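Here is the structure we will look at, set down as structure tokens.
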Amino acid sequence: MTADFIDLRSDTVTKPTAGMRQAIFEADVGDDMSGEDPTVNRLEQIVAAMFGKEAAVYNCSGTQSNQMAVRAHCQQGDEILIDETGHIVNYEQGGAASLSGVSARMLRGPFGIFDVEDLEGKVRPDNQHYCVTRLLCIENTTNHGGGRAWPLAKMNRVANWAHDSGLKVHVDGARIFNAAIAGGYTVKEFTRHADSISICFSKGLGCPMGSILVGDTATIYRARRARKAFGGALRQAGMMAAAAIYALEHHVDRLQEDHVNARAFADAIANVEGIRINVDDVESNLVFFEIAPERGTSAQLSAQLLEQGVRINPSGPQRLRACTHLDVSREEVLRAADAVRICMERGVDRATANHLVGTAYASK
Ligand SMILES: Cc1ncc(COP(=O)(O)O)c(C=O)c1O
């Protein structure tokens with residue numbers, strides 16, 4: 001895509017900044033598979049300390065981190081509890097089942113955030129008819145739940161409930177730094193009761209790739225073994241780890257800017273006729289909104305926006321998701337909002353949008 005497009009499809013579309021490229025260029029490297037990459041080792045130590053845990057393992061992607069966590073915590077035949085909007089259960093190709101023989105039982109909470117009442121009766125009794133309920137998964141921020149940050153008190157309540165029920169707790173923290181800013185807590189406070197946390201560097205933090213899984217020594221040992229089995233063991237990965245360290249130093253505080261821009265976009269489209277959005281639902285860098293069915297489909301609006309130089313993906317038949325990030329300015333998000341207004345005023349149902357109709361909805 002050319003730079004002429006305002007790209008709000010995802011925070012994964014960012015390109016490394018000059019400073020990050022310099023950090024990549026200067027990285028000290030070695031064979032990570034043998035534990036000899038000094039920059040990967042440093043990143044793992046930094047992140048483990050930041051989250052108050054014993055160990056961490058750097059890897060390729062958020063999906064890989066999550067699947068390593070499932071494998072590390074569960075045995076074949078076990079079950080995880082997860083909100084029905086969760087990434088692990090919707091957008092990872094059923095990896096828990098195919099890679100680890102683990103099934104999932106759905107929870108349902110507003111915006112992907114459940115509470116102990118939603119968990120009552122969800123742990124299966126010890127009986128040979130049932131699988132063993134082993135792991136509770138929490139996503140923060142919730143992606144398809146609406147970009148919402150878990151309240152700290154709720155996280156503590158739910159995690160305590162899980163531990164009292166004999167379960168482990170995994171946090172899919174692909175956007176955990178966005179959550180901490182939106183929720184008004186530190187990442188360490190939020191994950192105090194978590195047994196593992198996956199974090200993405202390739203989203204709001206602006207790295208070309210990379211994720212890390214954090215937890216206690218024994219869990220990370222098992223996860224590291226899973227990383228190898230999943231084909232994700234790394235060699236001179238210090239170049240990408242250097243990008244991650246750079247991002248932790250330079251790109252965390254600025255996430256607030258993305259949140260402010262997201263809210264500005266939401267405010268600007270809120271009064272457009274045919275668009276449905278509750279601006280108070282926007283807490284982080286993800287803005288979900290709907291086009292009224294009588295005015296067209298999300299695919300049609302997305303196609304019309306493309307003609308206006310704006311990329312926003314559908315995330316359901318009527319629903320779209322706009323995502324702010326490092327590579328879009330306030331001025332650009334306001335131009336994107338103006339493009340939504342122009343498209344709606346012209347009418348989107350005249351668009352053929354054939355290239356989008358029927359395609360899968362964005363997950364990133
Ligand atoms: C909540 C959440 N978890 C996990 C992932 C997976 O990350 P990746 O694309 O790096 O595999 C994503 C992004 O797609 C996500 O939004």
Side-chain angles (χ1 to χ4, degrees), residues 7-14 16 47 57-71 80 82-96 98-99 104 107 109 111-114 135-150 155 169-180 182-183 187 190-191 194 196-214 223 226-227 230-232 234 237 240-241 243-244 247 255 258 262 283-288 313 315-316 319 321-325 360-364:
D7 198 341
L8 299 179
R9 285 173 301 167
S10 176
D11 43 12
T12 58
V13 301
T14 55
V47 179
V57 53
Y58 181 62
N59 63 85
C60 301
S61 69
T63 299
Q64 194 171 52
S65 270
N66 283 336
Q67 294 302 326
M68 285 159 53
V70 169
R71 173 69 71 91
I80 63 173
I82 184 165
D83 188 83
E84 62 181 1
T85 62
H87 195 278
I88 291 174
V89 81
N90 286 293
Y91 302 110
E92 299 185 8
Q93 271 193 24
S98 60
L99 298 171
L107 305 169
F111 302 103
I113 298 175
F114 43 84
L135 179 68
L136 178 69
C137 297
I138 288 165
E139 192 172 296
N140 199 20
T141 59
T142 60
N143 179 351
H144 285 268
R148 301 287 286 245
W150 272 72
M155 164 65 183
V169 176
H170 171 66
V171 172
D172 177 348
R175 295 184 178 82
I176 191 77
F177 292 103
N178 296 88
V187 292
F190 185 78
T191 59
S196 59
I197 309 106
S198 60
I199 300 132
C200 284
F201 296 113
S202 63
K203 301 194 168 66
L205 297 186
C207 296
M209 61 164 285
S211 172
I212 198 162
L213 183 72
V214 192
R227 183 183 73 159
F230 296 165
L234 301 168
M240 292 301 108
L255 291 171
D258 297 342
E283 285 187 351
S284 66
N285 67 329
L286 305 178
V287 183
F288 288 87
N313 276 342
S315 77
R319 195 180 191 219
R321 191 193 75 172
C323 179
T324 57
H325 52 75
Y361 299 120
S363 68
K364 294 185 288 184

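None of these values were measured; they are calculated from a predicted model. One-based numbering, in listed order, for ligands and for the atoms of each.
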Are a donor atom and an acceptor atom from the side chains of S65 and N59 found within less than 3.5 Å of each other?
yes
Determine whether the aromatic ring centres of residues W150 and F114 are separated by less than 6.0 angstrom.
yes
With sequence neighbours left out, write down each residue that passes salt bridge (charged side-chain N to carboxylate O under 4.0 Å, His left out) with E92, or none if nothing qualifies.
none
Would you say K203 touches ligand 1, if touching means a heavy atom closer than 4.0 Å?
yes
Taking only residues two or more places apart in sequence, or in another chain, which ones meet S61 in a side chain to side chain donor-acceptor pair (under 3.5 Å)?
none
Using a 4.0 Å heavy-atom threshold (strictly under), name the region of R175 that reaches ligand 1: side chain, backbone, both or neither.
side chain
Where the side chain of N285 meets the backbone of H325, is there a donor-acceptor pair that is under 3.5 Å apart?
no
So R148 and I113, do their side chains get closer than 4.5 Å, heavy atoms only?
yes
Could an N or O of ligand 1 be found under 3.5 Å from any N or O of T63, whether backbone or side chain?
yes
Tell me which part of S61 gets within contact of ligand 1: side chain, backbone, both or neither, using heavy atoms under 4.0 Å.
both
Under a 4.0 Å heavy-atom limit, does N66 contact ligand 1 with its side chain, its backbone, both, or neither?
side chain
Per atom 15 (C) of ligand 1, closest listed option by heavy atom (Q67, E139, H87):
H87
Give yes if a backbone or side-chain nitrogen or oxygen of G62 is under 3.5 Å from a nitrogen or oxygen of ligand 1, and no if not.
yes
Give the single entry among I176, L286, N143 that approaches atom 16 (O) of ligand 1 most closely by any heavy atom.
N143
